[in-house]
Amino acid sequence: MVRDEFFRCEGLCKSYGEGWAALREVSFSLEAGGSLGLLGLSGSGKSTLLRLLAGLEPPTSGQIYLEDRPVDTGMQKGRRAYHRQVQMVFQNPVSTFSPYMTVGTYLMEGIRSFCPSENTREREVALLEEVGLSAEFSRRLPHELSGGQLQRVAIARALSIRPRLLLLDEPTSALDSMVQRGILELIATLSKRHGMAMVFVGHDAAVLRLMTERMLVLEKGQVIETLPSRTAHRMARTAYAQQFFPPRAVT
Amino acid sequence: MSKAVSIESLSVSYHGKMAVSEASLSLVPGEIHGIVGETGSGKSTILAAVSGTLGADAVSAGAVRYGGENILQIPLARRRGRGIVQIFQNPADAFDPILRIGVQFQEFIAVNRKEEASRWQELSLDALRRVGLDEEQVLFRYPFELSGGMLQRVALALAFLGRPKLLLADEPTSALDIVNRGRVVAELKRLRETQGTSILLVTHSMEVVRNLADSVSVMQHGRIVEQGPRSEVLSSPQQDYTRALLAAVPSFEEVPLVGS
């Protein structure tokens, strides 16, 4: 066992209805500040796994441990305690915002509900600054922000709770390459600065390689390969995993 | 050679705010032209000007020449039957939420391919198979029962059934994984080869452009800042913006952002 391991899941399974398993026996552990990628095609189980990790659904069997204590998100109290430590950023930032709520109100809600003793206004400005937005964004509504700016606000909101683990569901797949890179660099910086661990889901292996130390390759709900991200493009053994690392054609 | 479509000095503004400024581009029949650039740079507005879906609050100038006339000011209702089909960025918007997919295919075929209406089921299944949806089940589903990626492919299958002369595709692969992206790219090429369809493609994926487009326009702040054959634009870009856009694409060679 890794010494400073703080997050572990053992034998996670998820079935919907009889006989069809979306996820089969997934186990891994993560040290504080560590990073893990989940690579797979649509329907491979990576989003199901992320929903279990986020505490949005209970596993059919298997167990998640946080600091060696079994996590129980079945009750509201347990779920809330878990969400203090584990936060998620979704693929499409627009759908996570209320169209009528300013950026400031949206951030304030997070700060108030989890850290009620703090000076919210001060913290709000500090959070915006951390994600590279000026204090002036506080008054804006979602429709006045670009996709990249919205994703920065979503990251600020996740950060407001000071989580120890950030779950990222293809947070940049809807963005163009320059905006994507800006967001990826921001996430990497914040993870380092706060010692925040990350689980990063995606099907763009080059993005996962930039953002994680290890990746699990998922096929039909099972982990079929575990690869060091940096050399994954040379080390993938199965044809399934190799298809994520196509040789880049020269034009 | 005559042009399939020719956009000339197109400008579009909304409430005094310029969305597209003096944009010109043209496609020969069977050409696939990719438009890339940052979000909000005007890419989708160009497609809307061609399809007639700019909206009532848009002010437009310039020309969209298609089939021997300027169609820019022709309202949507009078554009039907011209062979222009658009696939929207959010495929869910293109379907009636309370009708099963099969019913929507049946209606589409009844309108667009009258003589083959009785074969709708066979035609539908064939089109769905081409986008990798090999289950008859899809026809019995409601739109909300399908994932974003599946719906995107269903929309594409419907577009194929329309046998378009000009296909306007707004981010047709954004919700697809790597295998289905490859499949859709291959089918778009096949559509061009078998039907001679010209395709105007908006995407943020340089990989899709590299594998699909013959020519490229790069947009920034509503203007086309660079334009040319794909190989020239991608391998020897002339503008700093194009160079930055290409350099930002993650590669397997660079140093990762995390870890030691």
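The sequence lines fix the lettering, A, B, ..., with proteins before strands; numbering per chain opens at 1.
Judged purely by atom type and a 3.5 angstrom limit, A:K192 has no side-chain atom pairing as donor or acceptor with the backbone of B:G259. Checking side-chain atoms of B:D177 against main-chain N and O of A:S42 turns up a donor-acceptor pair under 3.5 Å. In this structure, A:R209 contributes its side chain and B:E254 its backbone to a donor-acceptor pair below 3.5 Å. Side chain of A:S177 to main chain of B:L245: a donor-acceptor pair is present (N/O by atom type, distance under 3.5 Å, no hydrogens or angles).
Here the CG-OG distance, from A:D176 to B:S41, works out to 7.5 Å after rounding to the nearest 0.5 Å. Atom-to-atom distance recorded for B:R181:CZ and A:D204:CG is 6.5 Å, nearest 0.5 angstrom.
Using bins of under 30°, 30° to 60° and over 60° for the plane-to-plane angle, the ring pair A:F245/B:F252 lands in the tilted bin.
Within a 6.0 Å sphere centred on CD of A:E129, heavy atoms belonging to other residues, nucleotides or ligands number 12 at most. Annotation: B:R243, atom CZ; neighbour count of heavy atoms from other residues, nucleotides and ligands within 6.0 Å is above 12. Within a 6.0 Å radius of CZ in B:R223, other residues, nucleotides and ligands contribute 12 heavy atoms or fewer. At most 12 heavy atoms of other shown residues, nucleotides or ligands fall within 6.0 angstrom of atom CE in A:M235. Residue-environment remark: CD (B:E136) stays at or below the threshold of 12 foreign heavy atoms within 6.0 Å.
For A:A232, no part lies under 4.5 angstrom from a heavy atom of chain B. Residue A:S229: no heavy atom, backbone or side chain, is found under 4.5 Å from chain B. For B:V255, the parts lying under 4.5 angstrom from a heavy atom of chain A are both the backbone and the side chain. Proximity to chain B (any heavy atom under 4.5 Å) is shown, for A:E170, by neither the backbone nor the side chain.
A 4.5 Å side-chain heavy-atom check between B:P250 and A:R181 finds at least one atom pair inside the cut-off. Taking 4.5 Å as the limit, some side-chain heavy atom of B:V258 sits within range of a side-chain heavy atom of A:M198. Residues B:L257 and A:L184 are in side-chain contact: their nearest non-hydrogen atoms beyond the backbone lie under 4.5 Å apart.
Comparing B:A248, B:S147, B:A247 by how many heavy-atom pairs each has under 4.5 Å with chain A, the most go to B:A248. By number of non-hydrogen pairs under 4.5 angstrom with chain B, the leading residue of A:V179, A:I187, A:L210, A:T189 is A:L210.
By the 4.0 Å N-to-carboxylate-O rule, B:E253 lies too far from A:R230 to be salt-bridged with it.
Contact detail for B:H204 and A:L175: the closest heavy-atom pair is CD2-O, 3.1 Å.
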